[in-house]
Student: 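My questions all concern the structure below.
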Amino acid sequence: QVQLVESGGGLVQAGGSLRLSCVPSGLTFSSSAMGWFRQAPGKEREFVAAISWSGGALYYANSVKGRFTISRDNAKNTVNLQMNSLKPEDTAVYYCATGGTAVATTTRSRVNYWGKGTLVTVSS
């Protein structure tokens, strides 16, 4: 059974930083692309970032480019999302996801597994 467990959410002031982590189990992490989506209140879940199994291919939503960085440590079975220069509009529940390939993991309908999410709140 595949499980994705997120951590690192919390409350931060605008301009601040947070680091999210996701630890998967039940899959071959070193050969799985991983990603992050988010869902703000009253809005649809949207793509944030994705990383290929090797870490060589990275994808970002335009809204987070230059502020967020996705990374992975295959030795520790962890994927991270470093979020800097946070804005109130970044407030959302952030979900770890995997769709097999990095490209697939950029599209909500192609994601195979989801985590339960971690809440990020950015105050103005």
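Counting begins at 1 with the first residue of the sequence. As the structure is a computational prediction, the values presented were derived from the model and not from experiment.
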Student: Once you round to the nearest 0.5 Å, how far does NZ of K76 lie from CG of N80?
Tutor: 9.0 Å
Student: First locate atom OG1 of T105, then atom CG of N112, and finally report the distance between them rounded to the nearest 0.5 Å.
Tutor: 7.5 Å
Student: Is there a side-chain contact between T98 and V111 (heavy atoms, below 4.5 Å)?
Tutor: no
Student: Taking R19 for the side chain and G9 for the main chain, is one N or O donor matched with an acceptor at less than 3.5 Å?
Tutor: no
Student: Could you go through the side chain to side chain contact (heavy atoms under 4.5 Å, CB included) check for S63 and R38 one step at a time?
Tutor: CA-CA 12 Å; S63 59; R38 67 186 181 186; 3.4 Å; yes
Student: Atom CG in L119, atom OG1 in T91: separation rounded to 0.5 Å?
Tutor: 8.0 Å
Student: Using side-chain heavy atoms (C-beta onward) and a distance below 4.5 Å, is Q13 in contact with V122?
Tutor: no
Student: Would L18 and V64 show up in the same hydrophobic cluster when neighbours are defined by side-chain heavy atoms closer than 4.5 Å?
Tutor: yes
Student: Are I70 and V79 packed together at the side-chain level, in the sense that at least one heavy-atom pair is separated by less than 4.5 angstrom?
Tutor: yes
Student: Would you say the side chain of Y94 lies within less than 4.5 Å of the side chain of Q39, judging by non-hydrogen atoms?
Tutor: no
Student: Do the side chains of L4 and L27 get nearer than 4.5 Å, heavy atoms only?
Tutor: yes
Student: Please report the closest heavy-atom contact between T78 and S21, naming both atoms and the distance.
Tutor: CG2-CB, 4.2 Å
Student: Do any N or O atoms from the side chain of T28 and from the backbone of S31 form a donor-acceptor pair under 3.5 angstrom?
Tutor: no
Student: Is the shortest heavy-atom distance from the side chain of T121 to the side chain of V12 under 4.5 Å?
Tutor: no
Student: Go through V120 and D90 one step at a time and tell me if the side chain to side chain contact (heavy atoms under 4.5 Å, CB included) criterion holds.
Tutor: CA-CA 8 Å; V120 172; D90 294 318; 5.6 Å; no
Student: Going only through I, L, V, M, F, W and Y residues with side-chain contacts under 4.5 Å, is there a path from V5 to L81?
Tutor: no
Student: Counting distance only, does the side-chain N/O of N77 pair as donor-acceptor with the main-chain N or O of C22 below 3.5 Å?
Tutor: no
Student: For the OG atom of S71 and the CE atom of M34, what is their distance to the nearest 0.5 Å?
Tutor: 12.0 Å
Student: Run R108 and E44 through salt bridge (Lys or Arg N to Asp or Glu O under 4.0 Å) and show every step you take.
Tutor: CA-CA 10 Å; R108 186 178 61 185; E44 292 189 349; 3.8 Å; yes
Student: If only atom types and distance count, is the side chain of T107 paired as donor or acceptor with the main-chain N or O of S109 below 3.5 Å?
Tutor: no
Student: With the side chain counted from C-beta on, respond yes when F68 and L86 share a heavy-atom pair under 4.5 Å apart, and no when they do not.
Tutor: yes
Student: For a side chain to side chain contact (heavy atoms under 4.5 Å, CB included) check, start with the C-alpha distance between I51 and Y59, then their side-chain angles and the critical distance, and finish with the verdict.
Tutor: CA-CA 6 Å; I51 186 168; Y59 299 87; over 6 Å; no
Student: Looking at L11 and S123, what are the two nearest heavy atoms and their distance?
Tutor: CD1-CB, 4.3 Å
Student: Would you say W36 and F47 make side-chain contact, with heavy atoms under 4.5 Å?
Tutor: no
Student: Between N84 and Q82, does any side-chain donor sit less than 3.5 Å from a side-chain acceptor?
Tutor: yes
Student: Could E6 and K116 be called an ion pair, given the rule that one side-chain N must be under 4.0 Å from one carboxylate O?
Tutor: no
Student: Tell me whether V2 shares a hydrophobic cluster with V23, the cluster being built from Ile, Leu, Val, Met, Phe, Trp, Tyr side chains joined at under 4.5 Å.
Tutor: no
Student: Does the Lys NZ or Arg CZ of R45 fall within the cation-pi geometry relative to Y95 - under 6.0 Å from the ring centre and within 45° of the axis?
Tutor: yes
Student: Which atom pair, heavy atoms only, marks the closest approach of A102 to A33?
Tutor: N-CB, 3.2 Å
Student: Atom CH2 in W53, atom OG in S32: separation rounded to 0.5 Å?
Tutor: 11.0 Å
